[in-house]
Peer 1: 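Let me begin by handing over the structure; questions about it come next.
Letters go in sequence order (proteins before strands), and every chain restarts at 1.
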Amino acid sequence: MGFPYNICQGQVVTSYGVSCTGNLSYGNEERNREIDVEGLFRACTKSEDVKCLHALLAVSGKAKSSFVATRLINMYSYFGNVSLSRDTFDQVRDKDSYTWNSMISAYVRNRQSNKAVKCVSEMLSRTDVRPDFHTIPTVLKACSALPDEASLHYRILKSGFEWDVFVAASLVHMYCRFGFADRAYTIFKDMPSRDTGCWNSMISGYFQNGNAKEALSILDDMILEGVKMDSMTVATILSVDLLRGMLIHLFVIKHGLAFHVFVSNALINMYSKLGELKCVPNVFDHVYVRDIVSWNSVIAAYEQNNHPYVAIKLFHRMHLNKVQPDLLTLVSLSSCVAQMKDPLCVKCLREYCVLINLYGKCGRLSEAIFLFYQVCGETSVPWNAIMSCHGLEDTSLKYFEKMLNEEVKPTHVTFLSLLNACSHSGLVDQGKWCFQVMQQEYEIIPTLKHYGCMVDMFGRVGLLETAYNFIESMPIRPDASVWGPLLGACRIHGNVEMGRKASSHLFELDSQDVGHYVLLSNLYANFGRWEGVNEVRSLARDRGLWKTPGWSSIELNSRVEVFYSGNQSHPQYGEILKELGMLNAKIKSLGYIPDTSFVLQDVEADEKENILPNHSERLAIVFGILNTPPKTCIRIYKNLCVCGDCHNVTKLISKLTEREIIVRDSNRFHHFKDGLCSCGDYW
DNA sequence: GTAGGGTTAG
């Protein structure tokens with residue numbers, strides 16, 4: 001079982017043996033002709049085309065059928081984009097067991113066992129679908145990664161399934177993962193028939209439990225029974241049986257397994273462990289398709305055999321090949337740096353501090369955590385960076401605890417990171433605790449930013465009165481950074497009266513910031529209080545502010561292009577509008593519903609929808625998409641705040657176009673990537 | 001249209 005397409009250096013060779021490199025045409029969508037699903041799947045080649053394919057299927061309404069959706073779910077998951085698998089899954093009208101099984105596998109395949117188990121629970125709670133033979137091995141695989149969920153397989157097996165070879169192999173694997181090799185062997189020896197997968201499970205299971213002798217004995221039995229080793233058997237035993245390694249290499253060459261990436265990687269590691277470095281390039285240079293493990297293995301081979309400079313050169317080569325380093329790459333690099341004893345390199349590594357923050361802000365938490373552990377030390381800087389990573393909020397306090405255990409002294413920035421984290425995850429009590437500890441134990445006097453964080457924290461969870469009283473009790477005069485979050489919270493929770501209070505303070509403090517007028521106007525508009533909208537507009541107009549149009553700029557080829565809302569004078573306006581229309585249709589098919597509450601005009605709902613796409617940042621983003629190579633990061637500067645609807649749309653655009661989009665507005669920066677967004681303050 | 005078993009560090 002496997003992906004029907006062999007992915008090779010950015011191209012895909014279909015199972016029909018035809019190399020497809022062309023892009024699918026969007027023309028089909030326009031002609032609205034009957035779509036040949038099978039033909040499209042065959043023609044689907046690169047990941048870029050998968051999205052085109054999906055768009056076509058979505059337009060034709062076929063993406064919602066369980067048959068087509070199942071294929072899409074699998075295709076996305078094989079390309080590593082499990083969130084698109086989930087989007088597709090959610091839109092299926094009548095999910096059958098194929099659809100459920102595919103979704104569960106998509107999670108497992110992408111190492112998201114927690115979500116897989118959650119999905120299984122959802123499936124079990126339904127009456128219209130039951131787990132089947134295909135569900136069980138996947139569930140067991142998920143459970144193997146989650147010891148706490150081990151009992152789940154009993155619940156499934158109680159459903160009355162007989163074991164087949166897939167189920168048995170999975171059970172053997174799971175028990176070995178939990179250290180019960182004997183129990184696994186009982187299942188293995190009682191099996192009426194075994195395929196190569198079952199043998200592999202038992203062999204690797206013994207190895208995992210440190211019992212190489214038993215593992216090799218099972219391998220001998222397998223060969224005696226006439227079962228031929230496959231690529232998986234070879235990859236397993238190469239990592240342990242170094243003495244027989246060269247013989248196995250001959251077997252690999254003879255049986256055409258050398259082109260299998262797992263086998264090649266295992267060979268590199270074997271030669272590295274044997275100290276036979278001269279054999280390493282021989283294998284590595286002949287690998288047809290290299291993955292991250294191939295690069296890590298070859299870098300580690302030189303690093304561990306005391307050739308750090310060669311390892312660093314290979315890292316550069318990896319970089320030139322546009323392969324992103326991961327945790328293990330950086331582990332090897334750290335060792336290289338240590339071996340070289342070069343202070344400059346050590347400094348470079350320390351400057352990864354970011355990067356922890358950057359990785360965290362773009363949602364790549366595993367990288368952030370890894371980098372953090374590389375550099376965490378005596379200063380609070382990396383600790384602050386990791387604590388401010390979004391998505392880690394509920395564990396930020398744990399990092400704080402660890403930081404104190406390491407005797408690193410927190411600073412006012414540490415508490416800003418912590419309060420920010422508490423605010424984003426609604427941890428009000430913990431936030432209050434931080435605020436108190438900061439002053440009483442560390443004698444840090446809160447700044448306006450700390451107060452602003454507290455107000456934001458109360459406001460986000462709807463504690464508007466608490467937030468207001470908190471501001472009233474402040475020993476220093478609150479500024480716009482304190483009243484602003486309250487007004488924002490009033491906008492979210494729809495409290496017009498509190499919003500009026502907050503904005504009156506804001507107008508007094510900073511009457512020139514049009515953003516405050518916009519927020520209040522927005523709040524009125526959301527409740528249909530058009531007299532309030534007009535009042536705020538008049539006020540702003542009287543102060544010469546309302547005429548300030550929203551604009552967004554983008555720099556391209558050393559030239560700055562500026563876009564105004566609805567401005568039609570740009571030479572590419574027609575092209576931009578067409579692309580925007582197409583993107584709009586696609587994101588709607590992914591479930592996007594325009595949030596017209598951000599349109600500050602008393603017009604009909606339909607018309608509001610037409611106003612939103614003209615927001616200047618969208619024009620600038622689409623201009624960027626049209627004029628830069630695929631996957632180039634798009635950076636936008638906007639003079640006003642990004643509205644909530646643009647925020648949602650940009651998230652989806654980043655996902656659809658695989659673009660990293662950074663928007664800096666008058667208040668914060670927004671980092672969009674893979675359909676997610678993290679925002680940050682400028683501090 | 002859906003499933004199991006495989007490679008990298010410390």
Side-chain angles (χ1 to χ4, degrees), chain A residues 1-2 4 37-38 41 62 65-75 77 88-89 92 95-106 108-109 116 123 129 131-144 161 163-174 176-177 184 188 194-205 207-208 222 229-240 257 260-270 272-273 283 287 290-301 303-304 325-335 370 373:
Chain A
M1 297 295 163
V37 173
E38 283 304 316
F41 270 102
K62 288 180 189 293
S65 82
S66 62
F67 183 87
V68 173
T70 302
R71 300 190 67 164
L72 282 170
I73 291 166
N74 286 310
M75 193 171 285
S77 79
T88 312
F89 175 80
V92 182
K95 299 180 184 72
D96 59 14
S97 61
Y98 288 89
T99 329
W100 282 96
N101 291 342
S102 297
M103 191 62 238
I104 297 163
S105 305
V108 173
R109 192 173 293 129
M123 186 186 186
V129 65
D132 60 17
F133 279 114
H134 290 269
T135 324
I136 298 171
T138 319
V139 174
L140 293 174
K141 192 177 177 179
C143 292
S144 297
F161 288 102
W163 294 345
D164 69 358
V165 283
F166 279 82
V167 176
S170 311
L171 277 171
V172 166
H173 176 75
M174 193 190 71
C176 288
R177 283 292 296 263
F188 175 78
R194 304 178 191 112
D195 68 359
T196 319
C198 298
W199 287 97
N200 290 342
S201 264
M202 198 62 244
I203 293 167
S204 70
F207 277 145
Q208 281 167 29
M222 174 180 163
M229 290 193 290
D230 68 3
S231 58
M232 298 205 182
T233 328
V234 167
T236 307
I237 56 175
L238 272 175
S239 65
V240 183
L257 301 174
H260 200 292
V261 67
F262 282 111
V263 174
S264 310
N265 296 344
L267 281 167
I268 292 169
N269 287 303
M270 179 198 78
S272 166
K273 282 177 185 163
V283 179
V287 179
R290 296 188 189 111
D291 64 6
I292 179 70
V293 180
S294 319
W295 287 101
N296 285 348
S297 300
V298 75
I299 290 170
E303 175 261 307
Q304 284 168 18
D326 71 357
L327 188 148
L328 297 185
T329 323
L330 294 167
V331 166
S332 293
L333 284 184
S334 310
S335 301
F370 163 69
Y373 279 115

Peer 1: Can you find a heavy atom in the side chain of A:Leu238 that is under 4.5 Å from one in the side chain of A:Asn269?
Peer 2: no
Peer 1: Could you tell me the separation between the CE atom of A:Met174 and the P atom of B:dA3, rounded to a whole number of Å?
Peer 2: 20 Å
Peer 1: Scan A:Arg109 against the nucleic acid and name what it touches under 4.0 Å (heavy atoms): base, sugar-phosphate only, or nothing.
Peer 2: sugar-phosphate
Peer 1: OP1 or OP2 of B:dG4 versus the side-chain N and O atoms of A:His134: is any pair under 4.0 Å?
Peer 2: no
Peer 1: Does A:Ser66 reach a base, just sugar-phosphate, or nothing at all? Heavy atoms under 4.0 Å.
Peer 2: base
Peer 1: Nearest to the side chain of A:Ser170 - B:dG4, B:dG5, B:dA3?
Peer 2: B:dG4
Peer 1: Between the base of B:dG4 and the side chain of A:Asp195, is there any donor-acceptor pair under 3.5 Å?
Peer 2: yes
Peer 1: Do A:Thr70 side-chain and B:dG1 base share a donor-acceptor contact under 3.5 Å?
Peer 2: yes
Peer 1: Donor-acceptor check, side chain of A:Ser170 to backbone of A:Phe166, threshold 3.5 angstrom: yes or no?
Peer 2: yes
Peer 1: Let's see if you can work this out: which of B:dG6, B:dG1, B:dG4 has an atom nearest to the side-chain heavy atoms of A:Thr99?
Peer 2: B:dG1
Peer 1: Choose from B:dA3, B:dG5, B:dG1 the nucleotide whose nearest atom is closest to any side-chain atom of A:Met232.
Peer 2: B:dG5
Peer 1: Once you round it to whole Å, what is the distance between P of B:dT2 and CG of A:Leu72?
Peer 2: 12 Å
Peer 1: Between A:Met103 (CE) and B:dT2 (P), how many Å, whole number?
Peer 2: 15 Å
Peer 1: Nearest-Å distance, CG (A:Asp230) to P (B:dG4)?
Peer 2: 14 Å
Peer 1: Pick one: which of A:Asn296, A:Ile292, A:Val293, A:Val287 meets side-chain contact (heavy atoms from CB on, under 4.5 Å) with A:Asn265?
Peer 2: A:Val293
Peer 1: Would you say A:Ser201's side chain and A:Ala169's backbone share a donor-acceptor pair under 3.5 angstrom?
Peer 2: yes
Peer 1: Look at A:His173 and B:dG5 and indicate whether a side-chain polar atom (N or O) is within less than 4.0 Å of OP1 or OP2.
Peer 2: yes
Peer 1: Send over the distance from A:Ile104 CD1 to B:dG1 C1', rounded to a whole Å.
Peer 2: 15 Å
Peer 1: Provide, to the nearest angstrom, the distance between the CZ atom belonging to A:Phe207 and the C1' atom belonging to B:dG5.
Peer 2: 14 Å
Peer 1: Taking CZ from A:Phe166 and P from B:dG6, how many angstroms apart are they, rounded to a whole number?
Peer 2: 14 Å
Peer 1: Does A:Lys141 put a side-chain nitrogen or oxygen below 4.0 Å from OP1 or OP2 of B:dG5?
Peer 2: yes
Peer 1: Taking only residues two or more places apart in sequence, or in another chain, which ones meet A:Phe188 in a ring-ring contact (aromatic ring centres under 6.0 Å, His included)?
Peer 2: A:Trp199
Peer 1: Please tabulate, one pair per line, each protein N/O and nucleotide N/O from nucleotides 7-10 of chain B that are separated by under 3.5 Å, including the distance.
Peer 2:
from, atom 1, to, atom 2, distance (Å)
B:dT7, O2, A:Asn265, ND2, 2.6
B:dT8, O2, A:Asn296, ND2, 2.9

Peer 1: B:dT2, B:dG1, B:dG6: which one has an atom nearest the side-chain heavy atoms of A:Ser102?
Peer 2: B:dT2
Peer 1: Indicate whether OP1 or OP2 belonging to B:dT2 is found under 4.0 Å from a side-chain N or O atom of A:Arg71.
Peer 2: no
Peer 1: Nearest whole angstrom, please: distance from the P of B:dG4 to the CG of A:Asn101.
Peer 2: 10 Å
Peer 1: Using side-chain contact (heavy atoms from CB on, under 4.5 Å), reason through A:Val129 and A:Met123 one step at a time and then give a plain yes or no.
Peer 2: CA-CA 7 Å; A:Val129 65; A:Met123 186 186 186; 4.1 Å; yes
Peer 1: Taking A:Asn200 for its side chain and A:Ile203 for its backbone only, find out whether a donor-acceptor pair lies under 3.5 Å.
Peer 2: no
Peer 1: Report the residues that fulfil side chain to side chain donor-acceptor pair (under 3.5 Å) with A:Asp195, sequence neighbours left out, ordered by chain and then residue number.
Peer 2: none
